S.K.: 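Quick one: this structure, given as structure tokens, is what I'll be asking you about.
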Amino acid sequence: MQDAIQQAMSSVRTLQEAGVRYVIASLVDSGGINRVKAVPLDRLVSAARSGIGISSCWNTALSDDAFTATEASGGPSGDLRLVPDTGVLVQLAHTPQWAWAPVDQYLQDGNVSPGCQRSFLKRMVERAAQLGFSVKMAYEFEWFTAREEGETLAPIHSGPGYSSAAWARVRPLAEDLLAALMAQDLEIEQFHPEYALGQMEISLGVGDPLQAADANVLLRHTVRSVSVTHGCRASFSPITIAGQVGNGCHIHFSLWSAAGENLFTGGDRILELTPDGEAFLAGVYKELPAIVAITCPTALSYYRIQPHHWAGAYQCWGHENREAALRFIQGMVGSRARTANMELKSADTAGHPYLVPAVIIAAGLAGVEQGLRLPPPISADPAGLTEAELTARGITRLPQTLDAAAEALEASRVLRSAMGDFLHDCTVAVRRAEAERSRGQSLDELVAGHLWRF
Ligand code: GLU
Ligand code: MG
């Protein structure tokens, strides 16, 4: 805490000189909504010392601004302290009077809240380190941008996907956006206009899991802000136009030894995996039905993870198989030691930026501890296989509803023990309540209801 206060004091001086007047304390709540509380810059030191107050009902907030409860959380009493991480403080390049910092959630007794998703991720990173590993991760973001023209929405481009024609439409906005992101030290790996109407995509460079998660929140905040200046609105909802492909938020990850070796290559297991690399992936593979409750957290999400959408509808893995939940990217000969990684495709833009990497690490480490093995990789499109072929190869559909995913999460001992009872119970309760509130709604109603939440 003392370090954080020192850091806040020196940051205030630097930010003041750079023209910053306000700091956005940025929380992603249990419903996956990015909430902001801003303080004037001269309050930053006090925020770093004792936090910014917010009701503890945000432990069980839903994405539609309603709340649910668990036995241990809910109701009008209780206060959380949002403590900005002054080590991550960033001046927002597009709105330079404003700086941004992610928060950790504390209790008034000075302990970290058991419901703090960002602290859970830190615990998983530490646990990996104790076992002699580090994990590298990177997110890819797809999102939708449109101009509001009266009652109707005009998508910023109408395709074709990846085309120069679509690029010409998005270029003025994209130029400002990329400049802002790069000024904020986010490493851009790739950018392109994507396949669906008004869709764009950015892939960020690889970092440690906490960096990747913070970057996720910062990127989306910046996209929204730049879009508004261009007279547009941006949406990271899993599906923004019924009938179009959805917005994925695929996550790439790799496991590294303490000596700095990539354990997803150079070994004697299938596709050159090392034993620890394979066991980590087998742990993730095994927990996929429960993980999906975190990576596809809304009722709408299940309209996205459909066959033939490259969205990971089946619990299987494959070498560069874009229809598998887990697509193994072995990389080019000569660069594998640096680049071999796994991509989880059954993940959308409503997924909690901190919970997603945390549950992947938790499941992977359980796989290592249990020495799990992967089933054979699949190269076919699972949707093209007969029931008998699917059964023979042990391939099943991932949960097809939020109810089914919530049930898998509730039953997951691995994730309960990693998350702790409090966070696990809150997360399951939120998923169940989201499913309940969406019950009976048509796809069009779900799309409209979720459009401007994420
Ligand atoms: N839009 C697809 C999704 O919902 C992903 C397409 C791609 O692989 O780029 O995940
Ligand atoms: Mg894409």
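Note that the structure is a prediction, hence the values are computed from the model and not measured. Basis for what follows: all heavy atoms, side chains included, without hydrogens, waters or symmetry-related copies.
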S.K.: Could I get the full list of salt bridge (charged side-chain N to carboxylate O under 4.0 Å, His left out) partners for Glu189, not counting sequence neighbours?
M.R.: none
S.K.: Checking Ser11 now: which residues fulfil side-chain hydrogen bond (donor to acceptor under 3.5 Å, both in side chains) with it, not counting sequence neighbours?
M.R.: none
S.K.: Can you name the residues that form a ring pair (Phe, Tyr, Trp, His ring centres under 6.0 Å) with Phe328, not counting sequence neighbours?
M.R.: none
S.K.: Calculate, to the nearest 0.5 Å, the distance between atoms CG and CG belonging to Leu281 and Leu271 respectively.
M.R.: 10.5 Å
S.K.: Taking CD in Glu71 as the centre, count heavy atoms belonging to other residues, nucleotides or ligands within less than 6.0 Å. Is the count above 12?
M.R.: no
S.K.: For His450 and Phe454, take the angle between the two ring planes, folded into 0 to 90°, and tell me which bin it lands in: parallel under 30, tilted 30 to 60, perpendicular over 60.
M.R.: parallel
S.K.: With a 4.5 Å heavy-atom cut-off, do Val28 and Ile33 have their side chains touching?
M.R.: no
S.K.: With a 6.0 Å cut-off (strictly less than), is the heavy-atom count around CZ of Phe191, excluding the residue itself, greater than 12?
M.R.: yes
S.K.: Indicate yes or no: at least one non-hydrogen side-chain atom of Leu326 is less than 4.5 angstrom from one of Leu288.
M.R.: yes
S.K.: For the atom pair CG (Leu181) and CG (Leu218), what is the distance rounded to the nearest 0.5 Å?
M.R.: 7.5 Å
S.K.: Should Glu148 and Leu153 count as side-chain neighbours, where that means a heavy-atom distance under 4.5 Å?
M.R.: yes
S.K.: Work out which heavy atom in Leu446 is nearest to a heavy atom in Gln441; give both atom names and the distance.
M.R.: CD2-OE1, 3.6 Å
S.K.: Would you indicate whether the side-chain heavy atoms of Asp79 and Leu107 approach each other to under 4.5 Å?
M.R.: no
S.K.: Please confirm whether Arg81 makes a cation-pi placement over Tyr106, using NZ or CZ under 6.0 Å from the six-membered ring centre and within 45° of the ring normal.
M.R.: no
S.K.: How about Pro209 and Leu121: do any of their side-chain heavy atoms sit closer than 4.5 Å?
M.R.: yes
S.K.: Tell me the ring pair (Phe, Tyr, Trp, His ring centres under 6.0 Å) pairs involving residues 421-442, sequence neighbours left out?
M.R.: none
S.K.: Could you report the tightest heavy-atom contact between Pro353 and Arg220, atom names first, then the distance?
M.R.: CG-NH2, 3.6 Å
S.K.: Check residues 85-96 and write down every donor-acceptor pair under 3.5 Å in which the side-chain atom is one partner and the other belongs to a residue at least two apart or another chain.
M.R.:
unit_1	atom_1	unit_2	atom_2	d
Asp85	OD1	Gly87	N	2.9
Asp85	OD2	Arg118	NH1	3.1
Asp85	OD2	Arg118	NH2	3.0
Thr86	OG1	Ala4	O	3.3
Gln91	NE2	Ala18	O	3.1
Gln91	NE2	Pro96	O	2.8
His94	NE2	Thr229	OG1	2.8

S.K.: Quick one: does any side-chain atom of Thr152 pair with a main-chain N or O of Glu149 as donor and acceptor, under 3.5 Å?
M.R.: yes
S.K.: Looking at residues at least two apart in the chain, or sitting in another chain, which of them share a ring pair (Phe, Tyr, Trp, His ring centres under 6.0 Å) with Phe144?
M.R.: none
S.K.: Can you name the side-chain hydrogen bond (donor to acceptor under 3.5 Å, both in side chains) partners of Asp421, sequence neighbours left out?
M.R.: Arg416
S.K.: For His192, enumerate each residue passing the ring pair (Phe, Tyr, Trp, His ring centres under 6.0 Å) test, keeping only those at least two apart in sequence or located in another chain.
M.R.: Tyr162
S.K.: Assess whether side chain to side chain donor-acceptor pair (under 3.5 Å) is satisfied between Glu201 and Gln190, documenting all intermediate values.
M.R.: CA-CA 8 Å; Glu201 172 168 335; Gln190 281 184 32; over 6 Å; no
S.K.: Between Ser335 (side chain) and Arg338 (backbone), is there a donor-acceptor pair under 3.5 Å?
M.R.: no
S.K.: For Thr427 and Met419: C-alpha separation, side-chain torsions, deciding distance, then whether side-chain contact (heavy atoms from CB on, under 4.5 Å) applies.
M.R.: CA-CA 10 Å; Thr427 309; Met419 295 171 91; 3.6 Å; yes
S.K.: Would you call the rings of Trp98 and Tyr22 parallel, tilted or perpendicular, taking 30° and 60° as the class edges?
M.R.: tilted
S.K.: Taking the side chain as everything from C-beta on, heavy atoms only, tell me whether Asp64 gets closer than 4.5 Å to Ser438.
M.R.: no
S.K.: Quick test of your reading of the model: are Lys122 and Asp104 salt-bridged, counting only N-O distances below 4.0 Å?
M.R.: yes
S.K.: Taking the side chain as everything from C-beta on, heavy atoms only, tell me whether Gln105 gets closer than 4.5 Å to Ser119.
M.R.: no
S.K.: State the NE2-OH distance between His252 and Tyr139, to the nearest 0.5 angstrom.
M.R.: 12.0 Å
S.K.: Can you tell me if Tyr354 and Asp214 form a side-chain donor-acceptor pair at under 3.5 Å?
M.R.: yes
S.K.: If I compare all heavy atoms of Ala180 with all of Val226, which pair ends up nearest, and what's the gap?
M.R.: CB-CG2, 4.5 Å
S.K.: Please give me the minimum heavy-atom distance between Ala242 and Leu443, naming the atom from each residue.
M.R.: CB-CD2, 3.8 Å
S.K.: List the steps, then state whether side-chain contact (heavy atoms from CB on, under 4.5 Å) holds for Arg393 with Cys316.
M.R.: CA-CA 9 Å; Arg393 296 179 199 202; Cys316 61; over 6 Å; no
S.K.: Under the side-chain contact (heavy atoms from CB on, under 4.5 Å) criterion, do Thr295 and Ser301 qualify, and how do the steps go?
M.R.: CA-CA 9 Å; Thr295 55; Ser301 301; over 6 Å; no
S.K.: Show me the pairs that pass ring pair (Phe, Tyr, Trp, His ring centres under 6.0 Å) and involve residues 294-321, at least two apart or across chains.
M.R.: none
S.K.: Working to the nearest 0.5 Å, report the span between CD of Gln199 and CH2 of Trp143.
M.R.: 9.5 Å
S.K.: Drop me the distance from Lys286's NZ to Ile291's CD1, to the nearest 0.5 angstrom.
M.R.: 12.0 Å
S.K.: Between Glu434 and Arg432, is the salt bridge (charged side-chain N to carboxylate O under 4.0 Å, His left out) condition met? List the steps.
M.R.: CA-CA 5 Å; Glu434 292 263 347; Arg432 288 206 184 283; over 6 Å; no
S.K.: If you define the side chain from C-beta out and look only at heavy atoms, does anything of Met182 sit under 4.5 Å from Ile188?
M.R.: yes
S.K.: side-chain hydrogen bond (donor to acceptor under 3.5 Å, both in side chains) with Arg439: which residues, sequence neighbours excluded?
M.R.: Asp403, Glu436
S.K.: Looking just at side-chain N and O atoms, do Thr349 and Glu142 make a donor-acceptor pair shorter than 3.5 Å?
M.R.: no
S.K.: Does the side-chain contact (heavy atoms from CB on, under 4.5 Å) test come out yes or no for Thr339 and Ile329, once each step is laid out?
M.R.: CA-CA 8 Å; Thr339 59; Ile329 299 161; over 6 Å; no
S.K.: Would a distance-only check, ignoring hydrogens and angles, find a side-chain to backbone donor-acceptor pair under 3.5 Å from Ser73 to Thr70?
M.R.: no
S.K.: With no hydrogens and no angle check, is any side-chain donor or acceptor of Ser163 less than 3.5 Å from a backbone partner on Pro160?
M.R.: yes
S.K.: Of all residues at least two apart in sequence or in a different chain, which pass the ring pair (Phe, Tyr, Trp, His ring centres under 6.0 Å) check with Phe67?
M.R.: Trp58
S.K.: State the CG-OG1 distance between Asp348 and Thr298, to the nearest 0.5 angstrom.
M.R.: 5.5 Å
S.K.: List in chain and number order the residues that pass side-chain hydrogen bond (donor to acceptor under 3.5 Å, both in side chains) with Ser26, two or more places apart in sequence or in another chain; answer none if no residue qualifies.
M.R.: Asn34, Trp100
S.K.: Hey, are Asp65 and Arg35 close enough for a salt bridge, meaning a charged N less than 4.0 Å from a carboxylate O?
M.R.: yes
